[in-house]
Amino acid sequence: MRIHLTSVFVDDQAKAEHFYTEVLGFVKKHDVPVGEKDRWLTVVSPDEPDGTELLLEPAGHPAVKTYRDALVGDGIPLAQFAVDDVTAEYERLRDLGVRFTQEPLEMGPVTTAVFDDTCGNLIQIATKPQ
């Protein structure tokens with residue numbers, strides 16, 4: 001068993017597509033219309049084009065707002081992405097205007113940082129433990 005797909009709820013799929021591809025550097029994998037305005041929109045790491053897909057899922061379900069507001073209010077990231085160097089990625093993203101809620105922080109064998117994805121979520125970046 002392995003993870004094939006996971007998702008983050010987004011307020012605006014076009015805005016999310018821009019942020020996740022143009023700012024974070026993911027690559028669009030699927031973009032299929034679903035209904036009148038939604039899309040099955042997934043992105044992947046350019047290093048693993050056949051790897052785990054991230055679905056940029058419309059946040060239309062009524063429970064989503066309460067759930068995400070609670071997580072953001074408590075400073076809890078919805079997802080975590082691995083990077084080789086948290087400090088370097090923090091600086092790159094900060095220079096692109098990304099707002100961080102937690103600067104790089106060493107926590108034992110890992111370093112983490114948390115940013116706002118502009119689509120209603122907090123996202124954590126972390127180094128893999130050695």
Side-chain angles (χ1 to χ4, degrees):
M1 189 176 303
R2 64 188 187 278
I3 298 172
H4 171 71
L5 175 88
T6 190
S7 64
V8 293
F9 292 109
V10 298
D11 299 326
D12 179 318
Q13 284 185 300
K15 183 178 178 181
E17 178 183 0
H18 172 78
F19 184 81
Y20 279 80
T21 59
E22 301 300 319
V23 177
L24 297 184
F26 290 103
V27 176
K28 184 166 45 173
K29 176 89 177 202
H30 293 103
D31 190 352
V32 179
V34 177
E36 293 181 25
K37 63 178 182 163
D38 295 332
R39 298 149 58 192
W40 180 265
L41 178 61
T42 67
V43 296
V44 294
S45 167
D47 298 333
E48 296 180 4
D50 294 320
T52 304
E53 295 178 49
L54 179 66
L55 174 63
L56 304 177
E57 187 167 357
H61 189 281
V64 171
K65 180 171 177 23
T66 302
Y67 172 67
R68 288 192 316 163
D69 287 352
L71 290 178
V72 170
D74 289 342
I76 299 171
L78 181 68
Q80 182 184 87
F81 304 142
V83 297
D84 292 331
D85 182 334
V86 169
T87 301
E89 191 65 9
Y90 164 81
E91 290 171 359
R92 181 186 80 80
L93 293 173
R94 187 192 60 206
D95 290 348
L96 291 171
V98 174
R99 185 180 71 82
F100 278 80
T101 61
Q102 177 202 303
E103 295 182 0
L105 176 65
E106 289 185 27
M107 300 185 332
V110 301
T111 301
T112 66
V114 177
F115 62 85
D116 180 336
D117 78 349
T118 74
C119 304
N121 306 293
L122 297 179
I123 304 292
Q124 184 175 67
I125 55 175
T127 55
K128 292 182 182 179
Q130 300 299 325

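The shown structure was predicted, so the numbers you read here are calculated from the model rather than taken from an experiment. Side-chain atoms are counted along with the backbone in the values below, which use heavy atoms only and exclude waters and symmetry mates.
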Novice: Mark yes or no for whether Thr127, through its side chain, and Val86, through its backbone, hold a donor-acceptor pair below 3.5 Å.
Specialist: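 Absent.
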Novice: With the 4.5 Å side-chain cut-off for hydrophobic clustering, are Leu71 and Leu56 part of the same group?
Specialist: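 Cluster IDs for Leu71 and Leu56 match.
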Novice: Does a side-chain N-to-carboxylate-O contact under 4.0 Å join Arg92 and Glu89?
Specialist: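 Result for this pair is yes, salt bridge flagged.
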Novice: Can you tell me if Gln124 uses its side chain to pair, donor with acceptor, with the backbone of Thr112 under 3.5 Å?
Specialist: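 Not a single qualifying donor-acceptor pair exists.
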Novice: To the nearest 0.5 Å, what is the distance between CG on Leu122 and CG on Asp116?
Specialist: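 Rounded to the nearest 0.5 Å, the CG-CG separation comes out at 6.0 Å.
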Novice: For the CD atom of Gln80 and the OG1 atom of Thr6, what is their distance to the nearest 0.5 Å?
Specialist: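 So the CD of Gln80 and the OG1 of Thr6 are separated by 12.0 Å.
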Novice: Could you check whether the rings of Tyr90 and Phe100 sit parallel, tilted or perpendicular, using 30° and 60° as the cut-offs?
Specialist: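 The rings of Tyr90 and Phe100 stand perpendicular, inter-plane angle above 60°.
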Novice: May I ask you to decide if Cys119's main-chain N or O and Asp117's side chain share a donor-acceptor pair within less than 3.5 Å?
Specialist: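 At least one qualifying donor-acceptor pair exists.
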Novice: What are the two closest heavy atoms between Val44 and Gly51, and how far apart are they?
Specialist: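 Between these two residues, the closest heavy atoms are CG1-O, 4.2 Å.
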Novice: Crowded around Asp84 CG? As in, over 12 foreign heavy atoms under 6.0 Å?
Specialist: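 Open.
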Novice: Ignoring hydrogens and geometry, is there a side-chain-to-backbone donor-acceptor pair from Thr111 to Pro104 under 3.5 Å?
Specialist: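 The answer is no, because no donor-acceptor pair under 3.5 Å joins these two groups.
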Novice: Spell out, as yes or no, whether a donor-acceptor pair under 3.5 Å connects the side chain of Asn121 to the backbone of Phe9.
Specialist: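 Yes; at least one donor-acceptor contact below 3.5 Å.
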